[in-house]
Amino acid sequence: MSIFVDEHTKVIVQGLTGGQGRFHGLRNRDYGTQVVGGVTPGKGGADVEGIPVFNSVREAVDATGASASFVVVPPKFAANAIIEAAEGGITFIVCITEGIPARDEAVTYNRLVEEFPGVRLLGPNCPGIISPGKCNIGITSGDIALAGGPVGIVSRSGTLTYQALHELSQQGVGQTTCVGIGGDPVPGTNFIDCLAAFQADPETKAVMMIGEIGGSEEERAAEWIKLNMTKPVVAYVAGVTAPPGRKMGHAGAIISGSKGTAQAKMEALRDAGVHVCANPTEAGAKMVDIVRAM
Amino acid sequence: MSIFVDEHTKVIVQGLTGGQGRFHGLRNRDYGTQVVGGVTPGKGGADVEGIPVFNSVREAVDATGASASFVVVPPKFAANAIIEAAEGGITFIVCITEGIPARDEAVTYNRLVEEFPGVRLLGPNCPGIISPGKCNIGITSGDIALAGGPVGIVSRSGTLTYQALHELSQQGVGQTTCVGIGGDPVPGTNFIDCLAAFQADPETKAVMMIGEIGGSEEERAAEWIKLNMTKPVVAYVAGVTAPPGRKMGHAGAIISGSKGTAQAKMEALRDAGVHVCANPTEAGAKMVDIVRAM
Amino acid sequence: MDLFEYQGKQYFARYGIAVSPGDVADTVEAAIAVAERVGYPVVVKAQVKVGGRGKAGGVKLANNVDEVRTHAGNILGLDIKGHVVRRLWIERSSDIAKEYYASFTLDRPNKTHLGMLSAQGGVEIEIVAEENPEAIAFLSIDPVRGLDLATSRRWVAEAELDEVAREQTAELLVKLYDCYTEGDCDLAEINPLILTPEGVVHALDAKVTLDENASFRHPEWEAFREDEFEDPREKMAKAKGLNYIGLDGTVGIIANGAGLAMSTLDVVNQVGGTAANFLDIGGGANADVMAAALELINADPKVKSIFVNIFGGITRVDEVAQGVLEALERVKITSPIVLRLDGTNAEAGRALLAPHVSANLMTEPTMLDAARRAVALAK
Amino acid sequence: MDLFEYQGKQYFARYGIAVSPGDVADTVEAAIAVAERVGYPVVVKAQVKVGGRGKAGGVKLANNVDEVRTHAGNILGLDIKGHVVRRLWIERSSDIAKEYYASFTLDRPNKTHLGMLSAQGGVEIEIVAEENPEAIAFLSIDPVRGLDLATSRRWVAEAELDEVAREQTAELLVKLYDCYTEGDCDLAEINPLILTPEGVVHALDAKVTLDENASFRHPEWEAFREDEFEDPREKMAKAKGLNYIGLDGTVGIIANGAGLAMSTLDVVNQVGGTAANFLDIGGGANADVMAAALELINADPKVKSIFVNIFGGITRVDEVAQGVLEALERVKITSPIVLRLDGTNAEAGRALLAPHVSANLMTEPTMLDAARRAVALAK
């Protein structure tokens, strides 16, 4: 099994007719994902290499029965696109858009939680999700993932998500699902959501977690792991050498005062019984050892 | 000078035609307070020993120019009476009613703060306020107060308020104003409000403060004193020997867990430079010493 | 007024909060009857208003009628921290996947309502608050606006409850808040609030404290009152409108006003004595009230002396003195009485008493003097 | 983007938040002109984006033209923690009765907005939070609902601000929240917010951080940008769309993705080296981008070796290799380059590079190997 998405997941792409939307949407379909429609207001009736385009999410959902949406629209329109997806009946939204204002993210997150409690948002500013061999929504290259499990991956960092997949796949260790939650300040889905889903998924036997500096999500995840997680967790936290007060790429990745350091996060994870590794390669090797010993 | 009320304060009594309202209303007038009207719905046009009765606060305020109201109505009606006073243009409300449900107090307090920012409520469940020789609103016996200052008194406890007045008056030390803030969980006016007013009042040279177990108002007052108060403060806190978990008369006077003990309050006050005394008599004597040395 | 668990669950049920099916039982036979009705396994729970029942052996699982008989028999009559078990609550046992904590109470410093929600339930919330405060999601609620479902949903997400439990819990919390406010509770607490393996959320315990000031709008509270097993002296005091709390010392205390009564305890303590009680007779101190107060204190065998501390505000001291004298005619008091009467008409009051002063009835001019005398007499 | 105080005050003014009358000055003469216009006494304040100006002598009171001349002359050019003062803010001096603190920021764990208000302003809020957290009234604001005047009034009462200041502050806080949200700030802070002896509340300082992601709806931010005195290398990087942060080490770093770049720094550190910079070239790594990145690093005299760490996701590694080769033709690089190329089309990429490998351009199969090599070369 996988978490959140599988071979039955029907996906629409909001922004399919744009450059990025077309590129990633088609790439996801080529991977085998059921990309059943696109949404671009005013372009309903057209198609993109056979994928029908609708004027609204509601129309697309009614016509295709999609439950997931891949939001690939510019930052200016992303918040509205996400809310439109929820209003249109989508229950799983992946938004890869980078550069959405924090205010829009905060309002959107809270509107979803308050008005659409059954809807999950992944991102914004995330690489997406891949359940290898079943479904790929986002920008992850399918080549570096390996189907069949038994490892679940959850990562706040884009490129390190790929690195993590690569470290495992090249050793022949597959993944159930790899979730990139993104590095923005207000992520729709967090570590705990993914850890809980992996804990509940019988095919996932171990979890690899990639954190980074900033915020306290890793610490909260550590607390959750301590209380709830029975499966082994291997973690790497990027940014041990990051200087305080400078944004390391993402708006989320910043050490404020004494808060959000990699050291504190690693310590919390270690306290929770997590195997904390010093770099992605070491984390990969540790996970391979754990899986081989099962 | 005095704080909150003086010889110019015009007072109406909500509930003047009731037993308690009549007794205290007339007693306050006998003291010299300008009791200019009463309010009892349906009894407008009548009078109580010459004090005209109106159907509503608005009518009473329009007719008399009153700015203060003395609320003496049963617990069931008290919350509405307070809001009616604020809506009717009253800016200083004294409510002596005991036994108002905590929920009603919480709603009333917050409605006043949110909708009527210029209105002060004293109480509920308090003995009232007396500016000796000028104005007495409430149930304090005027005999035990002495006009002319220089001491301000603020007290959470009813009888100990009288005791404090008595300790000073019998030594010939007068008061500017004595405010009984009451022991309920949600007092409209708190220690800090009174301390700030006394600090600002040029005639008040020193302040006597009577606290009791429960809550953290004394601790907050101590913090305020430390930062803002230049006048000497003498304090007594009742309940050193009170057992935790039992309500000592007021709903507010209860030690919950390690919170709200007299010891903690006395320590905080001592840290703030307050002269903390072991009983009311000692507090009175200390204040007399301070005043005489001025 | 603290409710027993079973009363709290009955109260919850009024507001649509899901609890386990169950009923009360005062005898072993009744316990068996309830168990047979709700179906095995059942939990047999001592009904006492004190924490730590489980550790004291007051909560047991019973899989069949024999186990119910054994456990009910053992628990009825058990003494848990001074509380004798006279009633049981028998309920269908629940499988537990997760234990949460939820409560509403008044946030006194902020004058708002305070909701506390935690994914770590089943343990004392004070311990969680101490050791891991971040595990509690605190919600400050404006009493004017209340709690709506949207905010409740935000709150359960913030508390990181398991996703399957969130929507049910969000709805339950709105009901619990209604129970807390419309039901006039000082405290409405569920610990644990459980998630079953089947994904159902319900209250496994109920801790409710009612705000007695709101009795006038809750005729249904009478039923709770009838079931109280109070200290007989406190019950008698309540019936007479006296505010009495039994303590362990030897000096009986009577004072008017809660502050003065607390202060009287403090002064007795300062001069080396110990108070036998807290007793606030309130504003009016006529003969009836004074007689009742003296009678109550007289009934306490620990009392060696009685300290009556009255400051006349509205109450005139001469009336109080008259009340004391009348009361003494009606009630035979075995301990010596020390009176301190001050305030309005104090002179007249003391004059009234002067002819009656004896080794069993004396006056002192100040609180401190009176306390010294009463403590000396109690030694 | 952090704003200077004067920019923050200009921004506040857009939202109707009262600040002291004043203006900027880049020269002593201009400072005098402003002072004469706003009236004495004035405060001469260094405009630097760093705390502790006062202690460093960057804030002075001037009562007349001579004092303005002296202070402005001293402060212009002053080095405050590595920030050279190039601009002053001159404002009318305010009498201060009380100093408060007010701010809005994002509460990341709770995903709400967080207001902080304290009657204890003028000192660092972190110190107050540490030593006396109860002195701060925290307000959690649902971003969907925002902050209204009623809630703001409740908040100022809870914070125990002086009563004369409450209504003004409640109104100001609503404006500050509007500035924070509509103005797309990451932080909007006033410390101190002052109450004058005349009973007027206004902002004496302004600390504003703008959320650059919201630039598209704020054309007015351009003016702030023009006034930036940035590190020239960081300015150049920004112009090229590169995410560059200068550090103190000797190994130049180029990586795609912020996480991988951070991780590269960590690995260099683990094998005993020190990074000269953080540089994330983002998703697309074509020849232009690579050339710009190499040029930037090459300009840093501390750099002894360059570690290019690319994991091809969307970016194909062969394209990256091509980019590196093209870039090397365009830019003369003085330090040896160690490449680690992995991911999509890695084989093809390495093959492309193979003929060009030399003592100044080498590849390694893993991050760790590449880091060791780059660090060895930097020693």
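So that the names make sense, note that chain A is the first sequence line, chain B the second, and so on, each numbered from 1.
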Note to self: Can you tell me which portion of B:Glu115 sits under 4.5 Å from chain D's heavy atoms? Options are side chain, backbone, both or neither.
What the structure shows: backbone
Item checked: Atom group of B:Asn190 that falls short of 4.5 Å from chain D, counting heavy atoms -> side chain
Check: Where does D:Arg166 contact chain B at under 4.5 Å (heavy atoms): side chain, backbone, both or neither?
Finding: side chain
Next item on the list: Search all heavy atoms of B:Arg156 against all heavy atoms of B:Glu218 and return the closest pair with its distance.
Entry: NH1-OE2, 2.7 Å
Notebook entry, point to check: Using a cut-off of under 4.5 Å for heavy-atom pairs, which of B:Asn110, B:Leu112, B:Ile192 has the most such pairs with chain D?
Noted result: B:Ile192
Margin query: A cation-pi test, strictly: NZ or CZ of B:Lys231 under 6.0 Å from the centre of the six-membered ring of B:Phe198 and no more than 45 degrees from its axis. Yes or no?
Written below: no
Check: Do B:Arg120 and B:Phe4 meet the cation-pi criteria used here (NZ or CZ under 6.0 Å from the six-membered ring centre, within 45° of the axis)?
Finding: yes
Notebook entry, point to check: So, D:Asp162 and D:Lys98, do they make that salt bridge, N to O below 4.0 Å?
Noted result: yes
Checklist line | Atom group of D:Asp148 that falls short of 4.5 Å from chain B, counting heavy atoms | finding: neither
Check: Do D:Glu91 and D:Lys9 sit within salt-bridge range, that is, some charged N less than 4.0 Å from a carboxylate O?
Finding: yes
Next item on the list: Check whether B:Arg220 gets within reach of chain D through its side chain, its backbone, both or neither, counting any heavy atom under 4.5 Å.
Entry: side chain
